[in-house]
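Some notes on the structure that comes next.
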Amino acid sequence: MASRQRPDARRHRDVQRPLRRLDAVPVRRHGPRDETAGPRRLRRHPRRHRLPRVRTDEVIRASDRVETYYDHARELVDLGGAYTCSCEAGAFSDMKNSGEACPHREKDVETVREEFEAMVAGEYESGEMVLRVRTDIDHKNPALRDFVAFRMIDTPHPREEAAEYRAWPMLDFQSGIDDHLTGVTHIIRGIDLQDSAKRQRFVYDYFGWEYPEVVHWGKIQIDAYDVKMSTSTIRSLVESGDLDGWDDPRAPTLASVKRRGIRGEAVVDAIVELGTSTSDVDLAMSTVYAKNRELVDDESDRRFLVRDGAAIPVEGGPDAAHPPLHPDHEDRGRRDIPVRDAVLVELEDVPDVGERVWLKGYGCVRYEDPVDGEASFVFTDDDIDAVREEGVPVIHWVPAAESVPVTLRTMDGDVSGHAEPSFRDYAPDDVVQFERVGFARVDSVPEDAAEEHVAYYTHP
RNA sequence: GCUCGGUUGGUGUAGUCCGGCCAAUCAUUUCGGCCUUUCGAGCCGAUGACACGGGUUCAAAUCCCGUACCGAGCACCA
């Protein structure tokens, strides 16, 4: 994943199996945030976030390890690296911002130790006492000055096993300790946590530990969507009915691209290619499409789909056409498309009167408009040189009768059209390439084939 | 306000630490050609970038300073 090799990372090249911990993985948090409610109830990773090649070897819970954090806090206190502080948060912040130490900073270790044990025993209420790491109170970066390691929480932890604890570690302390104890070699985290490493190093220095390699990366934005890639924005559009759901093709979500038939692997490929830049990057959907095309092109059979077609009679030609299911795989067989009396073609494919077009898989026809009658395609029996040498356009078509009504859902809205009769053979989740239109994933197939089928447009 | 990052073609990326082999890599996009009964694929080709201004140097994408713009942190959230 780390395509950018940091100089120090080379040292780890020979490590057999680097242990990586991902901070700020895309775990969505649902429901209102209640700042007073104690450790947030963590949801299981929703299914839609499971991606190929992302494998979790082991899950550890901080709430099972509170005693471990206490032990390290005690050791840190003994090393002179931490002190208990009863400053009101705002007051401390003001002092800190002007580089001033609070009076508690110089307490002796004995007192600190006693007060910390009192924290552990739950003798304080929320807000009354914290344990701070002694960093550098006039460090030029105010973000690093004497940060909080433990604070009191009145609300019991939702897990019964941890419900009795009242003194809880902050993220930087907890994850810093766990990274070392679990042997993490590489930390991959967002740029919002850039200062975490700097804070945690103070703790590591007290303990004499070596800090893991850190790779930071910025936010990823996706082009091609009108809807902002924001959970709250999407949620409100879903709730108001402007989007049909989280998997609406207009929504910039994994659920949406999945429903369109884009493989998770294509998304992973594209994102891995973005690398780990610390600046925000735009993921071009065209890159995702290119990756997906590589995956699906070979196995997607071809069919015709005419969008908003015009019916035009056909005279003088064969009864049916037999184009291959896949141009690169003749062995898969051929389709059988009846012609009957008329075909549907897309409006923009209708030629000028007197001009020829090549109905793909069928043959060349001339568009003729007799003075008193209905304009029609008259079979000309030209051979393929008409296309190769004379520039006759090749277009797709479906029989005017017997074709299958299809709603094609796209990022730009729904399009209705008709697919050739054998489209009935498809089942939900199949991916088809509608020639000259693009790939699509079959979403639903009605009992009665005359009813509307629904397909999701994948990409060109 | 203080602090920390970042800025290479439309998009992403390599190169920046250790200046020269970088008139800048690769992918994608766009355009054109070949092939193909479309699209796609394949093959060939083209367009297109070192944010700006100074400085150091024989030599700067690379080092230094400044500016602009973007992002992030300065919480008893994770």
Side-chain angles (χ1 to χ4, degrees), chain A residues 3-8 23-24 27 29 33-37 39-40 42 62 85-90 92-93 96-99 126-132 139-145 147-153 167-168 170-172 174-175 190-196 198-199 216 218-221 223-224 269-271 273-291 293-294 296-298 300 302 304 321 323-324 326-328 349 358-364 383-388 392-397 433-439 459-460:
Chain A
S3 64
R4 171 174 294 185
Q5 276 247 324
R6 303 297 162 118
D8 287 340
D23 268 322
V27 181
R29 308 176 188 95
R33 254 188 220 195
D34 181 350
E35 300 300 346
T36 63
R40 180 178 295 129
L42 285 178
C85 172
S86 53
C87 289
E88 190 269 322
F92 184 87
S93 179
K96 179 204 71 178
N97 286 333
S98 53
S126 172
E128 284 185 346
M129 187 67 81
V130 298
L131 183 75
R132 292 185 183 280
H139 193 284
K140 67 175 181 171
N141 184 350
L144 309 185
R145 297 171 189 165
F147 61 93
V148 172
F150 281 82
R151 86 301 205 187
M152 304 303 297
I153 291 176
W168 284 89
M170 302 296 289
L171 172 76
D172 283 337
Q174 174 270 120
S175 67
I191 48 170
D192 50 323
L193 263 25
Q194 278 179 120
D195 289 337
S196 284
K198 294 172 183 167
R199 280 192 284 261
H216 290 111
K219 286 200 209 87
I220 298 176
Q221 293 294 334
D223 71 348
D269 285 345
I271 288 182
E273 208 168 85
L274 293 183
T276 55
S277 166
T278 55
S279 41
D280 289 358
V281 296
D282 286 335
L283 172 61
M285 281 305 285
S286 59
T287 304
V288 176
Y289 297 162
K291 300 292 180 195
R293 229 178 259 127
E294 286 173 18
V296 300
D297 179 57
D298 196 63
S300 304
R302 273 52 170 168
F304 290 147
H326 193 296
D328 300 337
D349 286 336
W358 189 285
L359 297 179
K360 163 95 174 133
Y362 181 71
C364 192
D383 77 10
I384 193 61
D385 286 342
V387 170
R388 288 179 175 157
V392 171
V394 176
I395 66 170
H396 60 288
W397 55 279
Q433 187 192 127
F434 288 127
E435 301 193 53
R436 297 186 69 224
V437 175
F439 292 89
H459 50 64

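The sequence lines fix the lettering, A, B, ..., with proteins before strands; numbering per chain opens at 1.
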For this session: Between rG10(B) and rU3(B), how far apart are the C1' atoms? Round to whole Å, please.
Result: 34 Å

In whole angstroms, the gap separating P of rG73(B) from CG of Leu171(A) amounts to 13 Å

Taking atom C1' in both rC4(B) and rA46(B), what distance in whole Å separates the two?
-> 43 Å

Correct closest heavy-atom pair for Gly361(A) and Ala321(A) would be O-CB, 3.1 Å

Atom CD of Glu128(A) and atom C1' of rC76(B) are separated, to the nearest Å, by 12 Å

Residues at least two apart in sequence or cross-chain that pass salt bridge (charged side-chain N to carboxylate O under 4.0 Å, His left out) with Asp280(A), listed by chain then number, are none

Does a side-chain heavy-atom distance below 4.5 Å link Trp397(A) with Asp349(A)? no

Of rA41(B), rG71(B), rA78(B), the nucleotide closest to the side chain of Arg151(A) is rA78(B)

*Between Asp223(A) and Met285(A), is there a donor-acceptor pair closer than 3.5 Å when you use the side chain of the first and the backbone of the second?*
yes

>> Could you tell me how far rG40(B) sits from rC17(B) if I compare only their C1' atoms? Round to whole Å.
In response: 44 Å

request  = Please work out if Asp282(A) contacts a base, only the sugar-phosphate, or nothing of the nucleic acid, heavy-atom cut-off 4.0 Å.
outcome  = sugar-phosphate

Between Gly438(A) and Cys87(A), the residue closer to the 5' end of RNA chain B by nearest nucleotide is Gly438(A)

From NZ of Lys291(A) across to P of rU11(B) the rounded distance in Å is 18 Å

Rounded distance in Å between the C1' positions of rC21(B) and rG6(B): 29 Å

Checklist entry - Counting any heavy atom closer than 4.0 Å, what does Gly218(A) reach on the DNA or RNA strands: base, sugar-phosphate only, or nothing? => result nothing

His459(A) atom NE2 is separated from rU29(B) atom C1', nearest whole Å, by 15 Å

d(Ile220(A) CD1, Leu274(A) CG) to nearest 0.5 Å is 5.0 Å

- Looking across every strand, which nucleic acid part, if any, lies under 4.0 Å from Ala290(A) by heavy atom: base, sugar-phosphate, or nothing? sugar-phosphate

message = Please give the distance between the C1' atoms of rC52(B) and rU13(B) as a whole number of Å.
response = 23 Å

Among rG12(B), rA27(B), rG40(B), the one nearest any side-chain atom of Leu274(A) is rG12(B)

Using a heavy-atom cut-off of under 4.0 Å over every strand shown, decide if Arg293(A) touches base, sugar-phosphate, or nothing. sugar-phosphate

Q) Does the side-chain contact (heavy atoms from CB on, under 4.5 Å) test come out yes or no for Lys360(A) and Phe304(A), once each step is laid out? A) CA-CA 9 Å; Lys360(A) 163 95 174 133; Phe304(A) 290 147; 3.3 Å; yes

Check: Contact class for Met129(A) vs. all strands (heavy atom < 4.0 Å): base, sugar-phosphate, or nothing?
Finding: nothing

Whole-Å distance, Gln221(A) CD to rA72(B) P, equals 10 Å

Checking N1-N3 plus N6-O4 or O6-N4 for Watson-Crick, or N1-O2 and O6-N3 for wobble, each under 3.5 Å, the partner of rC31(B) is rG45(B)

Practice prompt. Indicate yes or no for a side-chain donor-acceptor contact from Arg145(A) to the backbone of His139(A) under 3.5 Å, with no hydrogens or angles considered.
Written response: yes

Task: Donor-acceptor contact present, side-chain Arg199(A) to main-chain Ala143(A), <3.5 Å - done: yes

Quick note, Ser93(A) side chain, CB onward, closest among rC76(B), rG40(B), rA75(B) is rA75(B)

Taken to the nearest whole Å, OH/Tyr289(A) to C1'/rU11(B) is 14 Å

Strictly under 3.5 Å: I want the nitrogen or oxygen pairs between protein and nucleotides 34-37 of chain B, one per line.
residue : atom : partner   : partner atom : Å
rU37(B) : OP2  : Arg388(A) : NE           : 3.4
rU37(B) : OP2  : Arg388(A) : NH2          : 2.1
rU37(B) : O2'  : Lys360(A) : NZ           : 2.3
rU37(B) : O2   : Trp358(A) : NE1          : 2.8
rU37(B) : O2   : Gly361(A) : N            : 3.1
rU37(B) : N3   : Trp358(A) : NE1          : 3.1

**Request:** Indicate yes or no for a side-chain donor-acceptor contact from Arg436(A) to the backbone of Phe434(A) under 3.5 Å, with no hydrogens or angles considered.
**Result:** no

Contact class for Cys364(A) (heavy atom, under 4.0 Å): base, sugar-phosphate, or nothing?
nothing

By the Watson-Crick or G-U definition, both distances under 3.5 Å, rA14(B) is matched with none

With B for base contact, S for sugar-phosphate-only contact and - for none (protein heavy atoms under 4.0 Å), nucleotides 1-6 of chain B reads -BSSSS

Smallest heavy-atom separation, Val392(A) atom then Trp358(A) atom, equals CG1-N, 3.6 Å

By the Watson-Crick or G-U definition, both distances under 3.5 Å, rU57(B) is matched with none

Inter-nucleotide P distance (rG15(B), rU25(B)), Å rounded:
14 Å

Across every strand shown, the nucleotide meeting Watson-Crick or G-U wobble geometry with rC2(B) (both distances under 3.5 Å) is rG73(B)

Interatomic distance at C1', rC34(B) relative to rA14(B), whole Å = 31 Å

Exercise for the section: For rA51(B) versus rG9(B), give the span between their C1' atoms, rounded off to a whole number of Å. Expected result: 14 Å

note: Asp192(A), atom CG; rA72(B), atom P; distance rounded to Å ~ 9 Å

Between Arg151(A) and Val130(A) the two heavy atoms that sit nearest each other are CB-CG1, 3.8 Å

Whole-Å distance, Leu283(A) CG to rU29(B) C1', equals 13 Å

- Message: I'd like to know if the side chain of His459(A) reaches the main chain of Ala290(A), judged simply by a donor and an acceptor atom lying under 3.5 Å from each other, with no hydrogens or angles considered.
- Response: no

